[in-house]
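What follows is a set of notes on a single structure, which appears directly below.
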Amino acid sequence: MTEYRSEFLRTIAARGFIHQCTDDQGLDAVLTAGVVPAYIGFDCTADSLHVGSLIQILLLRHLQKAGHKPIVLMGGGTTKIGDPSGKDEARQLLTDAQIATNLAGIRDVFGRFLTFGDGPTDAIMVNNADWLDGLSVIPFLRDYGRHFSVNRMLGFDSVRMRLEREQPLSFLEFNYMILQAYDFLELNRRCGCLLQMGGSDQWGNIVSGIELTRRVLGKETFGLTSPLITTASGAKMGKSAQGAVWLNAARLGAYDYWQFWRNTEDGDVGRFLRLFTEMPLDEVARLEQLGGTEINEAKKVLASEATRLAHGEAAAAAAAETARRTFDEGTQGDALPTLELPRAEMEAGAGLLDLLRRAGLCTTNGEARRLVQGGGARINDAPVSDPARVVTLADLEDGLVKLSAGKKRHALVKVG
C-alpha cells in the first residue's frame with residue numbers, strides 16, 4: 001500500500017475507500033499543503049439517499065474530519081436529464097416540484113454526517129441548477145462543447161455498454177457527462193474546488209471535468225473514485241428483501257436499518273466495519289477474526305455503529321435493545337415496526353397475507369403466500385401454514401399481534 005503523508009488519504013486507503021485516483025501523489029501534496037475543497041454530486045431522484053450512497057457520504061465525512069472542506073453538490077439541474085452511468089435504460093424525468101421535494105429530503109440526511117457552516121472546513125451544499133438552468137445552448141456549445149471528443153465519449157463505459165447491448169441512449173442522456181464536467185469547472189471558479197470524488201462508475205465523468213477545467217482555466221484538479229461495493233455473495237450493496245435501505249427514518253426506521261446491518265454476511269463483517277463505521281482499525285481486526293457464533297457479536301457492533309452514524313446514539317441504542325428483547329428474551333421490543341389498524345377491521349378479521357404486506361414484511365401478497373406456504377410465517381411466535389388465515393381481536397396479546405417472517409424479521413399490529 002502506498003504511504004501517504006496526508007491524513008485523509010492515509011485514512012481512506014487503510015479503510016478500503018480508494019479504487020482509482022488521477023494523481024495520488026499530486027493530490028497527497030495538495031492535501032498536505034492546506035485546506036482542500038472537494039465535492040461529490042448527488043442527483044435528486046428520490047426524497048432520500050440509500051445505503052448505496054453511504055460510501056460517498058462517508059468519504060466527505062472523512063475529508064472534513066481530516067481538516068478539509070466538503071462540498072455537497074445537489075443535482076437540481078442534472079436530475080432533469082438523468083445519469084446513464086450503470087443504467088440499462090433512461091431514468092424517468094421528474095418535474096421541478098418533484099426535484100425540489102426530493103432535494104429537501106436528501107438535505108436532512110447530510111446534517112447527520114457533516115458539519116455545515118461558514119468556516120473554512122465547514123461543509124456547504126450547492127445546487128447545480130443555479131448555473132445549469134440559465135445556460136444558453138449556442139454560447140455553451142461554442143465555449144465548452146468544442147473541448148469534448150465524441151469519439152472518446154463513445155468509449156466511456158456508461159455509453160459503450162448501452163450501445164453494445166443495443167439499448168437506447170438518448171441525446172439528452174449523452175449530454176450528462178458534459179454537464180457534470182461543467183459542474184467541476186464551475187465549482188472550481190466559485191469555491192476553489194480541487195477534487196471530485198464519486199463511485200467507480202463516475203470515472204469517465206470525473207476525468208472529463210478535470211480536462212475541461214485544465215483547458216478552460218489552466219488549473220490542475222484531481223479525481224478519486226471508490227470501489228463498487230458488493231456483498232460476499234455478489235449482491236449489490238444497499239438492497240434488502242424489502243427493497244432499498246433508505247437513510248431517512250421516514251423511509252426506513254432505525255430498527256429496520258439496524259437489522260439490515262445485523263444480517264450482514266459473515267464474510268463482509270470486517271470490510272463493512274472498516275467502510276461503514278469509524279471504529280479503530282485494530283478493534284476491527286479483532287472483531288473480524290471471531291468465528292462461529294461469536295461473529296454475531298461483531299455483527300451487532302456493526303449494526304449499532306452504523307445506526308449511530310445515520311440515526312444517532314439514542315436510536316441505535318433503542319434498536320439494539322429491541323433486538324435483544326426480541327431475540328434473546330423472546331419479548332416484544334418497543335421499536336419494532338408497528339402497523340395500526342382500526343378496531344372495526346380487526347373485529348371483522350384482517351387477512352394474514354395482506355397484513356404481512358402492509359407491515360412491510362413482504363412486498364406483495366404473492367410473496368406473503370409463498371412465505372406462509374413455506375413455513376416461514378408466524379403469529380405471536382406460533383407457525384402459520386394456512387394462507388387464508390385471518391387475524392382477529394382474539395389474536396391480541398397485551399393489545400398487540402406480533403407477525404414474523406422467518407426468525408429475524410418482525411412487526412407489530414396494534415388496534416387503534
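Residues: numbered from 1 along the sequence shown.
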Please check this pair: side chain of [X] against backbone of [Y], looking for a donor-acceptor N/O pair closer than 3.5 Å.
{"X": "Ser200", "Y": "Thr225", "answer": "no"}
{"X": "Glu283", "Y": "Met279", "answer": "no"}
{"X": "Lys69", "Y": "Gly119", "answer": "yes"}

Are the charged groups of [X] and [Y] less than 4.0 angstrom apart, N to O?
{"X": "Asp395", "Y": "Arg389", "result": "yes"}
{"X": "Asp96", "Y": "Lys80", "result": "yes"}
{"X": "Arg370", "Y": "Glu367", "result": "no"}
{"X": "Glu321", "Y": "Arg324", "result": "yes"}

Partner set under side-chain contact (heavy atoms from CB on, under 4.5 Å) for Asp266, not counting sequence neighbours: Ile295, Lys299
Could you give me the CA-CA distance, side-chain angles and deciding distance for Asn205 and Tyr176, then say whether side chain to side chain donor-acceptor pair (under 3.5 Å) is met? CA-CA 9 Å; Asn205 294 338; Tyr176 186 95; over 6 Å; no
For side chain to side chain contact (heavy atoms under 4.5 Å, CB included), just list the numbers for His68 and Leu31, CA-CA rounded to whole Å, side-chain angles, deciding distance to a tenth of an Å, and then say yes or no. CA-CA 8 Å; His68 301 285; Leu31 288 163; 3.6 Å; yes
Please work out which of the three classes, parallel, tilted or perpendicular, describes the rings of Phe140 and Tyr144, given edges at 30° and 60°. tilted
Tell me whether the rings of Phe272 and Trp261 are parallel (<30°), tilted (30 to 60°) or perpendicular (>60°). perpendicular
Is there side-chain contact between Leu393 and Arg343, with heavy atoms separated by less than 4.5 Å? yes
